[in-house]
Amino acid sequence: MNDEALSADGIFRRMEMPGTSYASTLALGSAVTEGVAVIHTRGEVDVVTAAELQGALEETVARHQCTVLIVDLSDVNFLASAGLAVLMRCSDNLSDRQCRFLVVANSPATVRPLELTGLTEALEVYDSVEAALATV
């Protein structure tokens, strides 16, 4: 992972697991147009970074009152169970708000965990942001 990755607020996030030397990197960016938000992610979504992703998803929906939220995992190189839990929790929360939740996953690092856990059946998963946007 590039040590110059930027988060949505322009700050590189290198998060460490307390009490260990383990660190993860996650960069987040967003674009919102006409009620459709796209959250771009890059790096690792694991126990260390999952809360950062969840916070970004919740903040985007609250701030922009989106009708569609797309999380783009195209540049994620590791998706752990903590990240999968964030996706399911977000999907559940957004269904209560009348907001569609779409996931872009197109690499083995993201597609495989989604398939193995059955989340490809529970979530709307697309292989590109363009394909997801075409359904809006």
Side-chain angles (χ1 to χ4, degrees):
M1 184 74 202
N2 181 346
D3 281 351
E4 296 180 17
L6 297 178
S7 68
D9 59 5
I11 299 171
F12 172 71
R13 299 283 192 226
R14 179 179 166 85
M15 291 156 263
E16 296 183 5
M17 173 82 71
T20 72
S21 62
Y22 182 78
S24 295
T25 54
L26 179 66
L28 300 167
S30 63
V32 181
T33 306
E34 298 178 12
V36 177
V38 180
I39 304 292
H40 300 281
T41 60
R42 185 171 77 190
E44 302 154 354
V45 183
D46 59 15
V47 68
V48 177
T49 61
E52 180 87 4
L53 176 59
Q54 183 166 340
L57 297 173
E58 291 171 354
E59 180 182 336
T60 299
V61 171
R63 180 183 295 171
H64 300 287
Q65 299 178 348
C66 306
T67 57
V68 177
L69 176 62
I70 301 171
V71 62
D72 177 11
L73 303 176
S74 298
D75 293 323
V76 168
N77 55 28
F78 182 70
L79 180 61
S81 59
L84 297 171
V86 166
L87 297 177
M88 270 314 298
R89 209 168 18 254
C90 187
S91 177
D92 291 345
N93 292 341
L94 292 180
S95 66
D96 295 340
R97 293 183 180 208
Q98 304 296 314
C99 180
R100 280 182 71 199
F101 181 60
L102 314 178
V103 177
V104 174
N106 55 16
S107 73
T110 54
V111 173
R112 185 167 165 76
L114 290 166
E115 287 177 342
L116 288 173
T117 57
L119 291 181
T120 53
E121 301 299 318
L123 301 171
E124 291 186 65
V125 180
Y126 298 89
D127 62 2
S128 69
V129 172
E130 293 76 18
L133 287 171
T135 70
V136 175

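This chain uses plain numbering: 1 for the first residue, then up along the sequence. Note that the structure is a prediction, hence the values are computed from the model and not measured.
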Could you check whether atom CD of Glu124 has more than 12 heavy atoms from other residues, nucleotides or ligands sitting under 6.0 Å from it? yes
Minimum-distance pair of heavy atoms, taken over all atoms of Ser24 and Thr49: CB-CG2, 3.5 Å
Across all chains, not counting sequence neighbours, the side chain to side chain contact (heavy atoms under 4.5 Å, CB included) partners of Glu115 are Val111, Thr120
Heavy atoms only: give me the nearest Ala80-Asp46 pair and the separation to one decimal. CB-CA, 3.8 Å
Is Val38 reachable from Leu26 through a run of I, L, V, M, F, W or Y residues, each pair having side-chain heavy atoms under 4.5 Å apart? no
For the residue pair Val104 and Ser74, what are the closest heavy atoms and their distance? CG1-OG, 3.5 Å
Interatomic distance, CG@Leu53 vs CG@Leu87, rounded to 0.5 Å, equals 6.5 Å
Test Phe101 against every option in Leu69, Ile70, Asn93 by the side chain to side chain contact (heavy atoms under 4.5 Å, CB included) rule and name the one that passes. Leu69
When the side chains of residues 127-136 are checked against the rest of the protein, which donor-acceptor pairs come out under 3.5 Å, sequence neighbours left out?
| from | atom 1 | to | atom 2 | distance (Å) |
| --- | --- | --- | --- | --- |
| Ser128 | OG | Ala131 | N | 3.0 |
| Thr135 | OG1 | Arg100 | NH2 | 3.1 |
| Thr135 | OG1 | Ala132 | O | 2.7 |

Between Val45 and Val86, does the side chain to side chain contact (heavy atoms under 4.5 Å, CB included) criterion hold? Intermediate values first, please. CA-CA 10 Å; Val45 183; Val86 166; 5.9 Å; no
State which residues pass side chain to side chain contact (heavy atoms under 4.5 Å, CB included) with Ala122; sequence neighbours excluded, sorted by chain then number. Met88, Leu119
Side-chain donor/acceptor of Thr67 to backbone N/O of Cys99, under 3.5 Å: no
With rounding to the nearest 0.5 Å, note down the distance linking CD in Glu59 to CG in Leu57. 10.5 Å
Looking at every heavy atom in both Ala109 and Val76, which two are closest together, and how far apart are they? CB-O, 3.9 Å
Kindly compute the distance separating CD1 (Ile39) from CG (Leu73), expressed to the nearest 0.5 Å. 11.0 Å
Minimum heavy-atom distance between Pro113 and Pro108, given as atom pair plus value: CD-O, 3.6 Å
Linking I/L/V/M/F/W/Y whenever any side-chain heavy atoms sit under 4.5 Å apart, do Val32 and Leu28 land together? no
Nearest heavy atoms of Thr60 and Cys66, plus distance in Å: O-SG, 3.9 Å
Identify whether Tyr126 and Leu79 are in the same connected component of the hydrophobic contact network (ILVMFWY, side-chain heavy atoms under 4.5 Å). no
